[in-house]
Amino acid sequence: MPVKREGAIDLRSDTVTRPSPAMRRAMAEAVVGDDILDGDPTTRLLEQKIAELCGKEAALFFPSGTQANQTAVWLHTERGTELVLEAKAHLIHYEKAGVAGLSGVQVRPVETPDGVLTADLVSAALRGSVHEPTVSAVAVENTHNGAGGKVMPLAVWDDLIGLVRERHLPLHLDGARLWNAAIALGQPPARVARGSSSVSVCLSKGLGCPVGSCLAGDQPLIDRARAVRRRFGGAMRQSGILAAAGLYALEHNIERLRDDHTNAALLARRLEGHRSVRPLAPDTNIVMLDLVAPGLSSDVALARLSEAGVLLSPYGPARLRAVTHLDVTTEDVERAAGIIAQVLGE
Ligand SMILES: Cc1ncc(COP(=O)(O)O)c(C=O)c1O
């Protein structure tokens with residue numbers, strides 16, 4: 001993974017954003033208290049707003065999306081059972097085997113052509129024989145990072161919700177980028193998360209906060225999540241300083257995500273037809289770039305691009321990922337496209 005270079009256009013992730021001066025002011029002025037003892041007022045306000053936005057009864061603030069996801073898995077599953085997920089899910093590849101290590105659960109990866117976990121695919125994964133493990137829950141990622149920021153179509157989602165209801169299975173939505181899905185679908189986040197047993201959302205990705213995620217669900221689930229969060233070491237004290245950034249972001253940084261989507265589409269368009277790089281058409285703010293020139297590996301391409309002032313991240317031996325975000329402008333993206341086209345065309 002290339003490291004940050006001064007002056008480089010950083011498209012490695014939407015987590016690289018720095019809090020703006022206005023966000024920092026909101027953080028500095030936050031009214032705070034001890035969240036464990038009495039409930040920090042700013043944190044409570046953020047939790048209430050997130051619950052409303054997600055169409056759930058309650059929400060809980062977490063230091064990270066990983067911890068929110070792992071708490072949900074802990075709550076929805078039993079040791080010695082299976083969790084059904086799409087094969088490229090964050091919960092499988094980027095959470096240090098927490099599903100197994102913390103909850104004692106085996107993942108059941110389901111291969112899909114495009115990252116979209118349909119009811120038919122999940123249904124086929126629900127094994128029924130006495131010899132096989134019991135599935136205790138399903139998790140879905142929307143947007144799906146490993147599938148290039150793919151948005152799950154609402155009709156597919158509704159079918160899947162129908163299936164899990166019929167089978168009495170809880171469904172966790174990893175909505176680290178739920179906001180991007182909502183903007184792309186032109187629907188409120190509550191509609192995109194409708195029917196899920198829980199949803200995790202990140203504030204520290206496209207929304208530009210330095211820290212923070214929330215888990216939303218019904219009140220009894222969130223009451224239990226509070227205890228699990230404590231056990232996982234995620235209970236915080238004057239967390240209002242961080243929650244204030246979240247409140248600022250909800251007000252100022254959701255609608256503008258469409259700019260990130262436009263910039264991602266621009267990057268893909270500029271690289272279309274290139275002889276060494278094939279961009280996959282983005283749904284949201286993530287563009288996967290397949291390296292198609294013989295012998296051009298991700299490592300070599302990343303090093304050359306970094307030298308020329310563009311930072312991307314590796315996604316396999318011949319695939320790079322570019323992510324647009326609030327700290328890159330349309331001009332930056334135009335410039336990055338030019339550099340990528342030139343450096344990888346040589
Ligand atoms: C889809 C998805 N889920 C969960 C996470 C975890 O979030 P965090 O980095 O805050 O632990 C990420 C982070 O990149 C993500 O992309």
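Quick note: numbers below take in every heavy atom, side chains included, and nothing from hydrogens, waters or symmetry partners. When a residue number appears, it is its place in the shown sequence, counting from 1. Keep in mind that this is a model prediction, so the values were computed, not measured. All ligand and atom numbering here is 1-based and tracks the order in the structure.
Annotation for R165: atom CZ does not count as buried by contact number, only 12 or fewer foreign heavy atoms lying within 6.0 Å. The number of heavy-atom neighbours closer than 6.0 Å to CD of Q219, taken from other residues, nucleotides and ligands shown, is above 12. Counted within 6.0 Å of CD on E57, heavy atoms from surrounding residues, nucleotides or ligands total more than 12; the atom is thus considered enclosed. Atom CZ of R231 has more than 12 neighbouring heavy atoms from other residues, nucleotides or ligands inside a 6.0 Å radius.
Proximity of R177 to ligand 1 is established by a heavy-atom distance of less than 4.0 Å. Within the structure, ligand 1 lacks Q67 among the residues with a heavy atom less than 4.0 angstrom away.
Protein heavy atom at the shortest distance from atom 14 (O) of ligand 1 is K205 CE, 3.0 Å. Of the protein's heavy atoms, G65 N, 3.5 Å lies nearest to atom 8 (P) of ligand 1. Closest protein heavy atom to atom 12 (C) of ligand 1: H90 NE2, 3.1 Å. Ranking the protein heavy atoms by distance from atom 3 (N) of ligand 1 puts D174 OD2, 2.7 Å first.
Using a 4.0 Å cut-off between heavy atoms, S64 contacts ligand 1 through both its backbone and its side chain. For T66, heavy-atom contacts with ligand 1 shorter than 4.0 Å involve the backbone as well as the side chain.
The closest side-chain heavy-atom distance from D260 to T262 is not below 4.5 Å. Side-chain contact check for Q48 versus L45: some heavy-atom pair is nearer than 4.5 Å.
Looking at E141 next to ligand 1, no N or O pair under 3.5 Å apart turns up.
Between the side chains of T324 and N285, no donor-acceptor pair of N or O atoms lies under 3.5 Å.
Remark: ligand 1 atoms within the under-4.0 Å shell around heavy atoms of N69 are 3 (N), 4 (C).
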